[in-house]
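Worksheet: one structure, shown below.
By convention in this document, chain letters (A, B, ...) are assigned in the order of the sequence lines, proteins followed by strands, and residues within each chain are numbered from 1. Predicted model only: the values in this text are computed from it and were never measured.
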Protein chains: 2
Amino acid sequence: MFSGAQFSIYPMTSDFVPAILRGIAALETYNESLRRETDDISTLLVGPPDAVVRAMRDAFTEVARGGGHVVLSATLSRGCPGESDDPICTAPALAPLRADEDPVAGAVSRFDPGVDRGIPVAAQISLYPLGTEAHMARIGACIDFLKQAGVYEKSKHFCSKLRGDASTVFAAIERAFIDFAPMSAHVVMSITVSAGSPSRT
Amino acid sequence: MFSGAQFSIYPMTSDFVPAILRGIAALETYNESLRRETDDISTLLVGPPDAVVRAMRDAFTEVARGGGHVVLSATLSRGCPGESDDPICTAPALAPLRADEDPVAGAVSRFDPGVDRGIPVAAQISLYPLGTEAHMARIGACIDFLKQAGVYEKSKHFCSKLRGDASTVFAAIERAFIDFAPMSAHVVMSITVSAGSPSRT
């Protein structure tokens, strides 16, 4: 299996360079578990899906707690048939669903919002289970989970809008990415997480 | 058919509010052809796929020509089975591929880079043909097109990196979104377009 993300953090300030570098520095905690590479557009993380999401959470919260309007945008992917398997991505969290297991109940039971970061965020996420005609059913199950996790604000065209503390929202993103397709499936997710918007609606 | 996008523009400046509002004002040219709605995270555009991409191009270039580092991030979608048909989305550009038509050659022949905007951009895009087991073949054909269009810089994990003038890159995005799946298919695309990065690599 190959899993990872391309993510970017956009601090809406003229001092964006040091802010972004603070976010990247927060990734060093994950040096053992994630491979990473930054260019002019995004930072690549390769590793187990749960660590990938947590590393993005930590980078984002590190930048956002400086205040102001900060957005993280990311594409997460696992199981892409065009990528070679990579041992660093081995993830016990991705044990296949048991045939008798309800994915929504499974995700709810594994959902761990952790400790509040004191950073309220709005987010929107889209799950794309690829290579299957069953993608809409899986998306529907994921939305059921988001509602039960208490982070679901509303449906928007092409995505679900979430709201909550950064810790809770990223914890829900982690489960959404992991629990709604078999271990071997190709799954992509797009996420946008926003803190400090002056136009909260 | 239903088609549209959720997009956001991130101007990395402390004066981001007027910059974003300038971008939104540029959408007024499309009031006849697109429905739109802006909240604290993104602007929704609903309408024909070609107009959706051109409107994003115009909003982005309007903000980017003010200088500084500006990023557009968007999720484009067409044919989602969860959305009702909408007459505003009727798009002659989406005439189905003829059975004997090579999608790459078709996209190349329809590709119109237009007039340079004088805004060099880097971009990364991912195409997700959903509900089919043939998604990797369609992605591969799209990459062939991007190479022939002269905008392809390199492959990255989970996306293709493009480079060129804003006009050329958005023209390639338009064809990539339209030409690599049947009219009735559910297709999603994630794009990030960046101008003025201080860390061009």
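- Heavy-atom pairs under 4.5 Å with chain A were tallied for B/Val17, B/Val188, B/Thr192; the largest tally goes to B/Val188.
- Contact count versus chain A (heavy atoms, under 4.5 Å) is highest, among B/Ala123, B/Cys159, B/Gly140, B/Ala5, for B/Ala5.
- Atom CD1 of A/Ile9 and atom OH of B/Tyr10 lie 12.0 Å apart (nearest 0.5 Å).
- Between B/Gln124 and A/Ser42, the closest heavy-atom pair is NE2-OG, 2.8 Å.
- Your options are B/Val71, B/Asp15, B/Val193, and the one with the most heavy-atom pairs under 4.5 Å with chain A is B/Val71.
- Among the candidates B/Ser73, B/Pro81, B/Ala19, B/Pro129, the residue making the largest number of heavy-atom pairs closer than 4.5 Å to chain A is B/Pro81.
- When heavy atoms are compared at a cutoff of 4.5 Å, A/Gln6 approaches chain B by way of both its backbone and its side chain.
- Comparing A/Thr75, A/Leu76, A/Ile139 by how many heavy-atom pairs each has under 4.5 Å with chain B, the most go to A/Thr75.
- The candidate from B/Gly4, B/Cys80, B/Gly82 with the greatest count of non-hydrogen atom pairs under 4.5 Å with chain A is B/Gly4.
- One distance of note links OG of A/Ser190 with CE of B/Met189; it measures 11.5 Å at 0.5 Å rounding.
- Only the side chain of B/Leu44 comes within less than 4.5 Å of a heavy atom in chain A; its backbone stays farther off.
- Using a 4.5 Å cut-off between heavy atoms, A/His157 touches chain B through backbone and side chain atoms alike.
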Verdict with reasoning, A/Met136 to B/His186, per side-chain contact (heavy atoms from CB on, under 4.5 Å): CA-CA 10 Å; A/Met136 295 304 289; B/His186 184 189; 4.0 Å; yes
Steps toward side-chain contact (heavy atoms from CB on, under 4.5 Å) verdict (A/Asp40, B/His69): CA-CA 11 Å; A/Asp40 57 328; B/His69 180 25; over 6 Å; no
